[in-house]
Amino acid sequence: MRISVTGAGIVSAVGTGLEDTLRSLRELRSGVGAVRYLETAHPEFPVAEVKMNEEELRRELGINPSETTTRTAMLSMLALREALDRAGNPPIDAIISGTTVGGMEKSEAFYRDFISESMAHTDYIRIHDCGSSTMLAAKYIGGVRTFTTLSTACSSAANAIITGANMILSGKARRVAAGGSECLSDFHLAGFASLMILDRERCRPFDVNRAGLNLGEGAAYIIMEADAPSPFCLSGWGNACDAFHQTATSENGEGAFLAMEKAIRKAGLKPSDIDYVNAHGTGTSNNDASESAALRRIFGDSVPPVSSTKAFTGHTTSAAGGIEAVISLLSLREGFIPASLGFSEEDPSCIVPSGGENRPLRHVLSNSFGFGGNDTSLVFSAL
Amino acid sequence: MKVYIKSIAKLSRLDGEPAYREFLSPIEARRMSRMMKKAIVVSTTALREAGISVPDAIITGTGLGSLENTEAFLMALRGITDDTPRPTNFMQSTHNTAGSLLGIRLGAHGYNATYANIGTSFESALLDGWMQIRLGEIDNALVSAFEELTPTFSRMLAKTGFEGTCIDGILSETAVSLVLSSSREGALCELEGIDLLDADDDMDPDGAEILRREDYTAVFGNNYSVSALGLAMGIDKIAAGARRVVIKNDFRGEQFARTVIRRI
């Protein structure tokens, strides 16, 4: 059984929709910049915001100002709507989504009300958690029998795609939408700031002078079903645990290595069949070195073109696996490798990233690694 | 391929605080939230009873995640406490904190995932393990449900009218670990299937004993993952002679799930 991909939808700081996103990637337009919408104690860090405020998002989606919803849910709705539209609006059995922030952007704003006797904003307590953003999106789309939510930090959306594939293979669903959504929050930004892994400039994945990541936001989903007449498919997937540290990654990238190895094997491929790797490549010292070590272990001396698209979209954390899955599919469709924006100087401890060129692609590997060593790799193929 | 439940370990409101020192050094215990400590107690017990040292997969469900760490970070961030936001609290605030901690402690490099799906987080994790064993991807899985409660979140839930915050209900916590396996030997029961549903469809198998949500919340109190304790109750019914038990979940009338187990 082949897991066909019949639709895709995306929203991020570089655009709304596939074509807008592709144009930004081709024209080297980054979505990273000074904070414009988020209320934060850390305006010194650049972020990659979706260029719509709450009111504009509500208007775009036709959601009444009095309706209780969150930014994570609305980004999710926007990307799901496009993905379904591109698939021809078929009925879907399940939505599987990844998120970590969930309703935190509202909870942090209303927290003093939450913990006081005041009944103001009480509705938002009910939707503070992760799963509620998926439930709100499922209600918006309508007619969806099942939904579930993965929360494995920065690999959440990639894991949602694996669960979606397993549901199809198990006969639990015929057609699913899988991906993830994450909005920026002060909680998240302050958290990454406290870990001292945010760059004060635009991130520089795999560069010797890289100084951390930029947080981003967005959502992306793919529509999957068995053996559909589509030239694109999810051919392989692998989830492995680094089992090393809560936030750091092991030096030899064990988890990353195992995830890539499993994914390539599952696809029935050899490492040399991979034409392009869309790396996790966050721009932190630790991740890029460890991912490079894992890439060298997999590919030896012939590492295929590797690029990270996080200097475009920022690190969209739980949505990243979805956003980069969709970018990988765009790469396959266009025969285009996105550029390694921001890279200028080689680091001996890292692979040398490349990109920004047209070439025919058949198999693309997409990496998503998360806190807790939750590492996931996906392989997308063009028939 | 059939899927069996090899072992199950639980900590509920009826059990009180366990003797953590049998499972953790005092230094480890000091660094961990209550949920993490309980996670270690139940997972160690379930694995030991199943005779498995490193499971093929670690799959966890938690509706609300690491509340203790999340609240500590948020209160510092909002200036409600005098602390500065601490990186340790942030690191341990993600929902996969417990699942990845188990991975690190067991040196388990296999599949590791965490579901945070409101009231069906546990059934989502159980379904994942069930599907992967049936597909032959794995031979066994450690499936857990962890739900912690803080005084602050209890008060917040009370304002939403969450059942269990009313006079005769009790808000509670859940810590359950079980081992799923493709091997029947020594198993407690067969896990026939799990369905996540958008309504109570009443398509329960004939002749099965039904455990409804109110049947187990009456015993264990109410929380987002209490249905895992409901499954433990169902397994007790099998041990007591029931042929087939259906554990039903109806969370706030918005999420529904059905888990079917059978005597072997």
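Numbered from 1 within each chain, the chains take letters A, B, ... in sequence-line order. Everything numeric here is computed off the predicted structure, so don't read it as measured data.
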Visitor: If you compare all heavy atoms of B:H95 against all heavy atoms of A:C130, which two are closest, and at what distance to 0.1 Å?
Guide: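 Closest pair (atom of B:H95, atom of A:C130, distance): CE1-SG, 3.4 Å.
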
Visitor: Is there side-chain contact between A:Y111 and B:L77, with heavy atoms separated by less than 4.5 Å?
Guide: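 No, every pair of side-chain atoms sits at 4.5 Å or beyond.
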
Visitor: Can you tell which part of B:T114 gets under 4.5 Å to a heavy atom of chain A, answering side chain, backbone, both or neither?
Guide: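 Contact with chain A is through both the backbone and side chain of B:T114.
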
Visitor: Quick one: does B:E123's side chain get under 4.5 Å of A:T148's, heavy atoms only?
Guide: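 No, their side chains stay 4.5 Å or more apart.
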
Visitor: Under a 4.0 Å threshold between the charged nitrogen and the carboxylate oxygen, would A:K262 count as salt-bridged to B:E137?
Guide: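 No, this pair does not count.
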
Visitor: Check whether any side-chain N or O of A:N239 sits under 3.5 Å from a backbone N or O of B:N112 as a donor-acceptor pair, and report yes or no.
Guide: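 Confirmed, A:N239 side chain pairs with B:N112 backbone.
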
Visitor: Does the pair A:D186/B:R78 count as a salt bridge with the N-to-O cut at 4.0 Å?
Guide: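 Yes, A:D186 and B:R78 are salt-bridged.
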
Visitor: Around atom CD of B:E28, are there more than 12 heavy atoms of other residues, nucleotides or ligands at under 6.0 Å?
Guide: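 More than 12 heavy atoms, drawn from other residues, nucleotides or ligands, come within 6.0 Å of this atom.
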
Visitor: Check each atom of B:A108 against the heavy atoms of chain A and say whether the ones under 4.5 Å are side chain, backbone, both or neither.
Guide: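 Interface part for B:A108: backbone (N, CA, C, O).
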
Visitor: Check each of B:R155, B:K159, B:M156, B:E71 against A:I115 using the side chain to side chain contact (heavy atoms under 4.5 Å, CB included) test, and report the only one that passes.
Guide: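 Only one option passes, and that is B:M156.
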
Visitor: When you measure from the side chain of B:N117 to the backbone of A:F147, do you find a donor-acceptor pair of N or O atoms at a distance under 3.5 Å?
Guide: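 Yes.
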
Visitor: Would a 4.5 Å heavy-atom cut-off, applied to side chains only, mark B:L196 and A:K172 as touching?
Guide: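 Side chain of B:L196 against side chain of A:K172, heavy atoms only: no contact under 4.5 Å found.
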
Visitor: Of all the heavy-atom pairs spanning A:Q246 and B:N96, show the shortest one and how long it is.
Guide: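 Closest approach of A:Q246 to B:N96, heavy atoms only: NE2-O, 4.4 Å.
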
Visitor: Hey, does A:L169 have a side-chain heavy atom less than 4.5 Å from the side chain of B:M131?
Guide: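 Side-chain contact under 4.5 Å: no.
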
Visitor: What are the two closest heavy atoms between A:S194 and B:P87, and how far apart are they?
Guide: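 Closest approach of A:S194 to B:P87: OG-CA, 3.3 Å.
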
